[in-house]
Protein chains: 2
Amino acid sequence: MSDNIKNFAGLEKQDVLPAGFLERVAERFKVLGEPARLRLVHCLMEGEKSVGTLVEESGLNQANTSRHLQGLVQAGLLGRRKDGNFVYYRILDPSVFELCDLVCRSLQARHREEAGVLRPE
Amino acid sequence: MSDNIKNFAGLEKQDVLPAGFLERVAERFKVLGEPARLRLVHCLMEGEKSVGTLVEESGLNQANTSRHLQGLVQAGLLGRRKDGNFVYYRILDPSVFELCDLVCRSLQARHREEAGVLRPE
DNA sequence: CTGCTAAATACTTATATAGTTGTTTAGCGC
DNA sequence: GCGCTAAACAACTATATAAGTATTTAGCAG
């Protein structure tokens, strides 16, 4: 509720954005802007899981699963743990929960507005 | 802090996600996952502005500005108002503020972790 | 009507990336 | 060593989209 919420975390309006700043923020959004990766994140909300498990639950094939998981790790959202023949992934950055939650609520609100007062479809 | 924050806004873990649900969430993230659009959003955090003003302030050319603004409108994030020869855009969905704020804080936290205690690069 | 300006659109090129398939690497048991 | 499995990687295709340029549309003033 402070007024810096109207800007980018703590930066005043008149501040020039640091070089590459928007690019890094965009990178975060971008990695979540893909249904496949979002699906993996959703699966991992139940806790740490192996790649094989994620393949089963997500419906993605093995190669896609692996690559998307890497993207999420690179973005700092997931953590990776190797145990013998298996590799386990988990959500590292708790902001993921809040980000998804925020978007969902916003979409629900918009949906309600569009539908007037009531109407599931 | 409720436990549905660990999922997608109000959905229980065992719930099957509605068809197209992840796609719509991803769409939201995707539209913010572009530095140019993020820059426009940042400009608009000061308030409603015309396309021309946004062209000046963002450094994007006129065509790109116009097209990116359209994407943001379609996603429901911006509102559009036409007045005579000018078109004014404004932020419609307040969740944008919180989303950007969240990502920024998360990036800052990560940056601090990576740097140990101190070290700009 | 003729200019003039603001914004949107059309068209092109270039790039990025998701998906598929097949192969390779790494770790286990024997 | 061999066989088996899990995960990562490579190579390719297809698609999406950002950027640039040029054009068109819309509204104003005269």
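First the proteins, then the strands, lettered A, B, ... as listed; each starts at 1. Note that the structure is predicted; figures quoted are calculated from it, not measured.
- Against DNA chain C, the stretch residues 58-71 of chain B makes heavy-atom approaches under 4.0 Å through Gln62(B), Ala63(B), Ser66(B), Gln70(B).
- Considering every non-hydrogen atom in both His68(B) and Arg37(B), the closest pair reads ND1-NH1, 3.2 Å.
- Taking only side-chain nitrogens and oxygens, Lys30(A) comes nearer than 4.0 Å to OP1 or OP2 of dT17(C).
- The residue Tyr88(B) sits apart from the nucleic acid: no heavy atom pair falls under 4.0 Å.
- In the region residues 47-56 of chain A, proximity to DNA chain C at under 4.0 angstrom, judged on heavy atoms, holds for none of the residues.
- Pairing each heavy atom of Leu38(B) with each of Cys100(B), the nearest pair is CD1-SG, 4.5 Å.
- Between Leu102(A) atom CG and Glu98(B) atom CD the span is 5.0 Å, to the nearest 0.5 Å.
- In this structure, NE2 in His42(A) is found 6.5 Å from CE in Met45(A), a value given to the nearest 0.5 Å.
- Residues Lys49(B) and Glu57(B) are paired through a salt bridge, judged by an N-O separation under 4.0 Å between the basic side chain and the carboxylate.
- Distance check, rounded to the nearest 0.5 Å: CG of Leu72(B) to CD1 of Ile91(B) gives 9.0 Å.
- Between the CG atom of Asp83(B) and the P atom of dA6(C) there is a distance of 14 Å, given to the nearest Å.
- Judged by closest nucleotide on DNA chain C, Glu34(A) is the one of Glu34(A) and Asn85(A) placed further toward the 5' end.
- Judged purely by distance below 3.5 Å, without hydrogens or angles, the side chains of Ser106(B) and Arg28(A) pair a donor atom with an acceptor atom.
- The CG-P distance, from Leu40(B) to dA8(C), rounds to 12 Å in whole Å.
- Nucleotides of DNA chain D that come within less than 4.0 Å of any heavy atom of chain B span, from the 5' end to the 3' end, dT17(D) to dC28(D).
- When the side-chain nitrogen and oxygen atoms of Tyr89(B) are compared with OP1 and OP2 of dA6(C), none of them lie within a distance under 4.0 Å.
- Checked by atom type and distance alone, the side chain of Asp83(A) never pairs as donor or acceptor with a backbone atom of Phe86(A) at under 3.5 Å.
- Considering all non-hydrogen atoms of both residues, Cys104(A) and Val25(B) come closest at SG-CG2, 4.1 Å.
- Minimum heavy-atom separation, Leu22(B) to Pro35(A): CD1-O, 4.3 Å.
- The minimum heavy-atom distance linking Thr65(A) with Ser58(A) is given by the pair OG1-OG, 4.1 Å.
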